[in-house]
There are 2 protein chains.
Amino acid sequence: MPAEHLDETATAILSAASRRFLHYGYGKTTMSEIAKDCNMSTGNLYRYFPSKLDIAEMFVRVLRGEQVENLRAVLQMSDRSPAEKLRDFFLLKFKIAYDRFHDKPKAYELSSELLSQRPQVAVEWENAEGRVLSEILQMGTVAKTFAIDDFAGTTKILQDAAYRFTSPAVFHEGEFEALAIELNGVIDLILDGFAFRAARKWGSENQISKAQAN
Amino acid sequence: MPAEHLDETATAILSAASRRFLHYGYGKTTMSEIAKDCNMSTGNLYRYFPSKLDIAEMFVRVLRGEQVENLRAVLQMSDRSPAEKLRDFFLLKFKIAYDRFHDKPKAYELSSELLSQRPQVAVEWENAEGRVLSEILQMGTVAKTFAIDDFAGTTKILQDAAYRFTSPAVFHEGEFEALAIELNGVIDLILDGFAFRAARKWGSENQISKAQAN
DNA sequence: CGATTGAACGGTTTATATAATAGTCAAATT
DNA sequence: AATTTGACTATTATATAAACCGTTCAATCG
């Protein structure tokens, strides 16, 4: 399922298709154009991909794999506290979505079309991001900044609360800065909620002041 | 702008149009049908409404006015604490949106079409709901359950955090109960965030236990 | 004279015909 | 035998013509 299973020819096909997808969009790219770019016949494309939509799916998988890698990099920042990593995670996710929406419209259009026909891809992607988020929550729990018992459930709740800032349907309504300020406000509130729960569980007042300092 | 400014004839037009909008949808309703229902000519409709879209706008305004009234009723429940009212508000808003999406698909379609051409209506509607929400926040601040200084900003943040549960784009993804549980989780976290801020501001531990009890 | 009509206009949707494309497979190629 | 081909089919998209509908307004009505 990941992009690594592709042999050389499949990679060439995907690369040719990607170029055309980005430039002309999914609908305006034909199988014979892709075949010509690869110096092969249309029939032969089907030995490497079951359908055109599967080429698009692989294209999106690669794009989103890169996104998750970027998000995962947040985990490694040793100079950032778990609370700061939570903020970094969502601000980066917002920035990635906002940028892609604004300066790669064809890729956005392709994603929309694919996801309407392959909803499972969206679920997998959300789960992959959820695993990163969950690791941040675990780090915070180890550090006793957070006090979380249901990691999966809390991850889902965080994704819900930040949904507005990751759903492109809204990106035209406001400029980046205004939306980023609102997102920071949501994260502030979430972090205070976590601080409250940590204080309740571990019971010490220094937890409160620690969270306040953040 | 509100529905009360309408005279008898305009009300009859709106009523005939509403019946057809709900039954056949906006696109499948023609001005001559509306005129015939009211025993008048098409030309005469334009003495009461500038355009067909304005009839649709009035239709939506009436619907949404009722919704805001229902939400405002939450404010009056004297047996509910501010925290409980906040929960009631969002659960009711979610239920209203979910129900309308599922059993009045034509009304939903009409709303979408109108809002794409009259975005200002959505802004007004969000502001009207925001005023109710803001009153809940004030009640909570008076009761020292919350400690909010920027009511407008906090209102916006709450609307952002609950956006997923009010945006119909997602309603096919999950069943009502599952989504309601998630929404409750988001509200739990928000309320704990408010409790934390209240404890920080008013400084007493009994605030923490009070919020815990909720 | 104000209120109302309905034919006329222009823009848009719909229906139809035509062209292009995704996907298949028997034959050709290596 | 495994790979590749390209003509072929069924489906989808595009182009064109016809019907429709929102809107206007000069003529009619009360």
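Naming convention: chains lettered A, B, ... in sequence-line order (proteins, then strands); numbering from 1 in each chain. Bear in mind the structure is a predicted one, so any value in this text is a computation, not a measurement.
Here the options are B/Phe165, B/Phe176, B/Tyr108, the test is ring-ring contact (aromatic ring centres under 6.0 Å, His included), and the partner is B/Tyr98; only B/Phe176 passes.
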Report task. Sugar-phosphate means primed atoms, P, OP1 and OP2; the rest is base. With that split, encode nucleotides 19-30 of chain C 5' to 3' as B, S or - using protein heavy atoms under 4.0 Å. Result -> --SSBB------

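The distance from the CG atom of B/Leu45 to the OG atom of B/Ser51 is 11.0 Å, given to the nearest 0.5 Å.
The CG-P distance, from B/Asn39 to C/dT4, rounds to 13 Å in whole Å. The nearest whole Å value for the distance from the CD atom in B/Glu8 to the C1' atom in C/dA3 is 16 Å. Separating the CG atom of A/Leu45 from the C1' atom of D/dT3 is a distance of 14 Å, rounded to the nearest angstrom. Rounded to an integer number of Å, the gap from B/Met40 CE to C/dG2 P is 20 Å.
A salt bridge between B/Asp99 and B/Lys104 is absent, with no side-chain N of the basic residue lying under 4.0 Å from a carboxylate O of the acidic one. Note on A/Arg64 versus A/Glu129: no salt bridge recorded, every NZ/NE/NH1/NH2 to OD/OE distance being 4.0 Å or above.
A/Phe194 and B/Phe196 have their aromatic ring centers separated by at least 6.0 angstrom.
Between A/Lys28 and D/dT14 there is a side-chain N or O to OP1 or OP2 distance below 4.0 Å.
Using a 4.0 Å heavy-atom distance criterion, B/Phe49 is classed as making no nucleic acid contact.
Taking the side chain as every heavy atom from C-beta outward, B/Glu126 and B/Lys156 approach each other to under 4.5 Å.
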